[in-house]
Amino acid sequence: MPHNRTANRLRGAYIRPPRMTPELIAEVAYRLTARDRDLLALVWEHRVLTTGQLTTLLFPSPERARQRLNRLHRLHALLRFRPWTPVGSRPWHWVLGPAGAHVLAIAYGQSISEFGYRQDTATGIAVSPRLGHQVGVNDFFVALHAHAHQHADGTALTQWWSEQRCAAHWGDLARPDGFGRWARHRPQNTPQTLDFFLEHDTGTETLARVAGKLGGYADLAEATGTTTPVLIWLPSPKRETNLRALLSAPEVPVATAVQTPTAAPNGPAGPVWQPAGTTGRRYRLADLATFWGTTPRHESETR
């Protein structure tokens, strides 16, 4: 049974691509649209994205998404797999394929080795214990994008950095699961902009370890001269309550919320955030900027 489960988990991920000749790469590049190139860059940045996530981010309908993703798969620009599940089936999960990697490398003015792509590394997420965590982190940011797209409230997700990009930029001091910039512009009002680090908690670490990470964020704030709030996205109300008991006076601004999409239809954009050290009221994500009086990081740091 374990062998069969592994086989199902990897189904569609490991394929033997044709040799990446200059002619083949040129042919693939010719067939890619601007949206295709944005899609490939997103998948490379965030390691793995599901069909549903990519539909929300880039396509007008699920059918259009399926058609184009399948085409990119046939071109070896994307690879795909379905994680094993005991009942039913999971959606396709997409990672960067060899042809897509070559096209991106050329666009960035790099060789494929300088670009850092290896097919076995790209597809390794299929069997990684961190797959669920990575998909959950991406779900958080995709939900913000969807809210901004669906609601005429002036909000926009203007920055979304992956864990890997954050580590390259700030990893000596802090290693967030992602960095985001959430902006709200309303007529005749001062724009509200919130920069934040995300800690996506799945319940696998002790709460003491989760709380202990805030020391690194405090060190980062001291080193850069910019204090960036930390959002902790938790899997259950009980875990949130127990964590908040450890966060009475954090060294950096912190807010917590529970992953309850049915109870909070606006998801992480909605009034689900409770700053540490407070009780009662929960705030919309955009309103946290006013609550803390934060200012965004210097533009040069987030380009």
Side-chain angles (χ1 to χ4, degrees), residues 6 9-15 17 32 35-59 65 68-69 72-73 75-85 90-105 107-108 110 112-146 157 159-171 174-180 196-202 204-205 231 233 259 268 302:
T6 301
R9 188 177 179 86
L10 296 176
R11 182 158 53 91
Y14 293 98
I15 62 174
L32 295 180
R35 181 177 63 188
D36 293 336
R37 294 171 185 271
D38 289 343
L39 186 155
L40 297 179
L42 274 171
V43 171
W44 175 241
E45 165 96 11
H46 302 292
R47 298 196 67 187
V48 57
L49 289 161
T50 67
T51 298
Q53 290 170 343
L54 288 169
T55 300
T56 298
L57 292 169
L58 293 169
F59 292 95
R68 196 59 191 168
L69 291 171
L72 294 174
H73 182 250
L75 291 171
H76 303 280
L78 290 175
L79 301 177
R80 66 185 184 183
F81 64 91
R82 272 194 173 123
W84 179 85
T85 183
R90 301 280 295 280
W92 285 115
H93 289 51
W94 303 87
V95 299
L96 189 64
H102 277 82
V103 170
L104 287 183
Y108 298 161
Q110 298 175 325
I112 195 66
S113 60
E114 291 171 334
F115 182 65
Y117 177 83
R118 286 177 51 117
Q119 182 174 328
D120 57 349
T121 302
T123 54
I125 190 68
V127 292
S128 169
R130 288 183 58 81
L131 173 62
H133 179 269
Q134 184 65 66
V135 172
V137 170
N138 294 346
D139 268 340
F140 179 94
F141 287 98
V142 171
L144 291 181
H145 173 89
L157 179 65
Q159 293 283 348
W160 172 18
W161 283 25
S162 66
E163 178 182 1
Q164 292 73 29
R165 189 172 176 184
C166 289
H169 208 70
W170 300 300
R175 298 180 69 91
D177 294 322
F179 166 83
F196 64 87
F197 292 126
L198 175 68
E199 285 289 338
H200 177 76
D201 180 63
T202 60
T204 58
E205 296 181 315
L231 305 182
W233 191 231
Q259 305 157 23
T302 54

Under 3.5 Å, is there a donor-acceptor pair between the side chain of [X] and the main chain of [Y]?
X	Y	value
Asn138	Val48	yes
His102	Ile112	no
Glu45	Ser162	yes
Gln259	Asp201	yes
Thr56	Gly52	yes

In the structure I gave you, are the side-chain heavy atoms of [X] and [Y] within less than 4.5 Å of one another anywhere?
X	Y	answer
Leu57	Asp38	no
Leu42	Leu58	yes
Leu39	Phe59	yes
Trp92	Leu69	no
Leu79	Pro98	yes
Arg80	Thr51	no
Tyr108	Glu114	no
Arg47	Glu163	no

Compare every heavy atom of [Y] with every heavy atom of [X], then report the nearest pair and how far apart it is.
X	Y	value
Arg68	Leu32	NH2-CA, 4.4 Å
Arg82	Pro91	CG-O, 3.7 Å
Val137	Asp177	CG1-O, 3.5 Å
Trp94	Thr50	CD1-C, 4.0 Å
Tyr117	Gly97	OH-C, 3.3 Å
Gly116	Trp44	O-CH2, 3.7 Å

Roughly how far apart are [X] [atom1] and [Y] [atom2], rounded to 0.5 Å?
X	Y	atom1	atom2	result
Leu104	Phe115	CG	CZ	4.5 Å
Thr123	Leu96	OG1	CG	11.0 Å
His93	Leu131	NE2	CG	5.0 Å
Glu199	Phe140	CD	CZ	11.5 Å
Leu198	Phe179	CG	CZ	12.0 Å

For the aromatic rings, using the six-membered ring if either is Trp, is the centroid distance between His46 and Trp160 under 6.0 Å?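 Centroid distance His46-Trp160: below 6.0 Å, so yes.
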Whether over 12 other heavy atoms sit under 6.0 Å from Arg118 CZ: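 No, CZ of Arg118 has 12 or fewer neighbouring heavy atoms, counting only those of other groups under 6.0 Å.
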Residue pair Trp161, His169: steps toward the ring pair (Phe, Tyr, Trp, His ring centres under 6.0 Å) verdict: CA-CA 10 Å; Trp161 283 25; His169 208 70; 5.2 Å; yes
